[in-house]
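As a basis for the values below, the full set of heavy atoms in this structure was taken, side chains included, without hydrogen atoms, waters or symmetry mates. Bear in mind the structure is a predicted one, so any value in this text is a computation, not a measurement.
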Amino acid sequence: MWWFERNDLSGFSASSTAEQVTEGIDGSGLTAIVTGASSGIGFETARVLALRGVHVVMAVRNRAAGNEVQGTIIKENPCAKVNAMELDLSSIASVRKFATEFNSSGLPLNILINNAGIMATPFMLSKDKIELQFATNHIGHFLMTNLLLETMRRTALECKREGRILNVSSRRHKFSYKEGIRFDKINDQSGYNCLSAYGQSKLANVLHMNELARRLKEEGAQLTANSLHPGAIYTNLFRHHSFVSALASLVGKYFMKNIQQGAATTCYVALHSEVKGKGGYYFADSNIAEASSQANDPNLATKLWNFSSDLINKHSNV
């Protein structure tokens, strides 16, 4: 049972579930992409959004798993509009293919939920020779967001309804490397720390949304961008650390959120009217929360944006 029952300004708390924070909300006519929707909080996010009438496109690495999840959601809710598309966020080519296929589908896009991620992996490089956590958790989502922005702008104008972009970050963004983002050492194996590298990628998630929010406000787009911490949840993110996984499995129900609670903040920021017009915020427990000083550094956010663009261009031209 979750310990923290205190309700904050939104009326919700750490114990609130995704269904509770979206109760009474009609998402009919909206289309959302959810990355990493085949398991964990991504699956619960897709399920609850579909329950509220949203057409959900699940962007998943394993198409077979995505199809299975699609069947599970439709079996529970026969009226659900949900389908799966293949996406490997660690591959620039895969991200470009996904975006091209979606943009060519004719579907609108109201909500983009960048949820997928990997955690604390041993040092590895992606197909594009970028440190795997940074490639998957940040670069893939950064590129995909940029490639889908025009569709989101057009949808917001046609629907006359605000579009929303969300990065699922983590409290671990406060525990990156000392310098925050190791621009000159992204692929430095000798100084690699799996948890610090995870923190770095999650810091990048917050900085990405802050810089995007600034740019969207500057251009007057009817889109908002925010980041969030879902809470400490026992999911398969722990699969690379057997001891931590075993410990979390043993005591998780006393100290960690369940999946339904873990998806709450994502669903709240995606659908709730209280979030309308809010951009560049960091949320936790379905309320605005405080991010780290590094996450709130506008110069660091701009530097990361330019670095990410250059990195993608460099590896796209190889």
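One distance of note links CG of Leu166 with CG of Leu228; it measures 6.0 Å at 0.5 Å rounding. Considering OG of Ser28 and NE2 of His55, their distance stands at 12.5 Å, rounded to 0.5 Å. Within the model, atoms CG of Asn115 and CZ of Phe43 stand 12.5 Å from one another, a figure rounded to the nearest 0.5 Å. The distance from atom CG of Leu203 to atom CZ of Arg172, rounded to the nearest 0.5 Å, is 12.0 Å. We find the CG-CG distance between Leu223 and Leu157 to be 8.5 Å, quoted to the nearest 0.5 Å. Between atom OG of residue Ser91 and atom CD1 of residue Ile139 there is a gap of 13.0 Å, rounded to the nearest 0.5 Å.
Scanning both residues, Asn187 and Phe123, for their nearest heavy atoms gives O-CZ, 3.6 Å. The shortest heavy-atom contact between Ile118 and Thr121 is CD1-CG2, 4.0 Å. Scanning all heavy atoms of the two residues, the minimum distance from Ser286 to Val21 falls at OG-CG1, 3.7 Å. Of all non-hydrogen atoms in Ile41 and Gly262, the two that sit nearest each other are CG2-C, 3.7 Å. Considering every non-hydrogen atom in both Gly40 and Ile259, the closest pair reads O-CG2, 3.5 Å. Minimum heavy-atom separation, His138 to Ser308: NE2-OG, 2.7 Å.
Here Phe102 pairs with nothing under the ring-ring contact (aromatic ring centres under 6.0 Å, His included) rule; sequence neighbours left out. Evaluation of the salt bridge (Lys or Arg N to Asp or Glu O under 4.0 Å) rule for Glu290 yields no partner, not counting sequence neighbours.
No side-chain donor from either of Asp88 and Ser94 sits under 3.5 Å from a side-chain acceptor of the other. With no hydrogens or angles considered, no side-chain donor-acceptor pair links Ser169 and Asn167 at under 3.5 Å. Defined by atom type and a distance below 3.5 Å, a donor-acceptor pair is present between the side-chain atoms of Ser10 and Asn287.
No donor-acceptor pair closer than 3.5 Å links the side chain of Gln260 to the backbone N or O of Glu44. Between the side chain of His229 and the backbone N or O of Ala284, no donor-acceptor pair lies under 3.5 Å. A donor-acceptor pair is defined here as one N or O able to donate and one able to accept, closer than 3.5 Å; such a pair exists between the side chain of His141 and the backbone of Asn137. A donor-acceptor pair under 3.5 Å links the side-chain atoms of Gln133 to the main chain of Cys194, judged by distance alone. No donor-acceptor pair closer than 3.5 Å links the side chain of Ser90 to the backbone N or O of Ala135. Checking side-chain atoms of Asp128 against main-chain N and O of Ile130 turns up no donor-acceptor pair under 3.5 Å. Judged purely by atom type and a 3.5 angstrom limit, Asn226 has no side-chain atom pairing as donor or acceptor with the backbone of Tyr282. Asn110 places a side-chain N or O within 3.5 Å of a backbone atom of Thr31 that can act as its donor or acceptor partner. Side-chain atoms of Asn77 never come within 3.5 Å of backbone atoms of Ile73 as a donor-acceptor pair (strictly under, hydrogens ignored). Without hydrogens or angle criteria, Arg161 side chain to Thr155 main chain gives no donor-acceptor distance under 3.5 Å.
With Tyr177 as the aromatic partner, Arg182 meets the cation-pi criteria of under 6.0 angstrom to the ring centre and within 45 degrees of the ring axis. Under the 6.0 Å distance and 45° angle rule, Arg215 counts as a cation-pi partner of Trp305.
Checked options Thr35, Asn205, Thr145; the residue passing with Asn114 is Thr145 (criterion: side chain to side chain donor-acceptor pair (under 3.5 Å)).
Put simply, the side chain of Val34 does not reach to within 4.5 Å of the side chain of Thr266, judged on heavy atoms. Side-chain contact between Phe142 and Ser309 is present, with at least one heavy-atom pair separated by less than 4.5 Å. Proximity of Lys174 to Gln294: side-chain heavy atoms (C-beta onward) are nowhere separated by under 4.5 Å. At a threshold of 4.5 Å between non-hydrogen side-chain atoms, the residues Cys267 and Thr45 count as touching. Glu19 has its side chain within reach of Arg47: a pair of non-hydrogen atoms, C-beta onward, lies under 4.5 Å apart.
Heavy atoms from other residues, nucleotides or ligands lying under 6.0 Å from CG of Asp184 number 12 at most. The 12-atom threshold is exceeded at CZ of Arg153, counting heavy atoms of other residues, nucleotides or ligands nearer than 6.0 Å. Annotation for Glu68: atom CD does not count as buried by contact number, only 12 or fewer foreign heavy atoms lying within 6.0 Å.
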Original post:
Which is it for Glu211 and Lys303 under the salt bridge (Lys or Arg N to Asp or Glu O under 4.0 Å) test, yes or no, and what are the steps along the way?
Top reply: CA-CA 10 Å; Glu211 177 66 9; Lys303 185 175 181 180; over 6 Å; no

**OP:** Begin from the C-alpha positions of Ser16 and Tyr268 and carry the test side-chain contact (heavy atoms from CB on, under 4.5 Å) through to its verdict.
**Re:** CA-CA 10 Å; Ser16 300; Tyr268 172 79; over 6 Å; no

Subject >> Chi angles and distances behind the side-chain contact (heavy atoms from CB on, under 4.5 Å) call for Leu112, Met144 >> reply: CA-CA 10 Å; Leu112 174 58; Met144 189 175 77; 3.8 Å; yes

**OP:** Evaluate the side-chain contact (heavy atoms from CB on, under 4.5 Å) criterion for residues Leu30 and Leu271: first the C-alpha distance (whole Å), next the side-chain angles of each, then the deciding distance (0.1 Å), finally the verdict.
**Re:** CA-CA 10 Å; Leu30 299 178; Leu271 288 181; 3.9 Å; yes

**OP:** Mind running side-chain contact (heavy atoms from CB on, under 4.5 Å) on Arg164 and Thr224 for me, showing each step along the way?
**Re:** CA-CA 5 Å; Arg164 297 183 182 181; Thr224 61; 3.5 Å; yes

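A salt bridge does not link Lys185 with Glu179: none of the charged nitrogens is closer than 4.0 Å to a carboxylate oxygen.
Ile113 and Ile25 end up in the same hydrophobic cluster when Ile, Leu, Val, Met, Phe, Trp and Tyr side chains are linked at under 4.5 Å. Residues Leu304 and Leu147 share a single hydrophobic cluster, defined by chaining ILVMFWY side chains whose heavy atoms lie under 4.5 Å apart. Criterion: ILVMFWY side-chain heavy atoms under 4.5 Å apart, direct or through other members. Under it, Met209 and Leu143 are part of a common hydrophobic cluster. Using a 4.5 Å cut-off between side-chain heavy atoms of Ile, Leu, Val, Met, Phe, Trp and Tyr, with links allowed through other members, Phe183 and Phe134 fall into the same hydrophobic cluster. Leu51 and Met58 are assigned to two separate hydrophobic clusters, defined by single-linkage of ILVMFWY side chains at heavy-atom distances under 4.5 Å.
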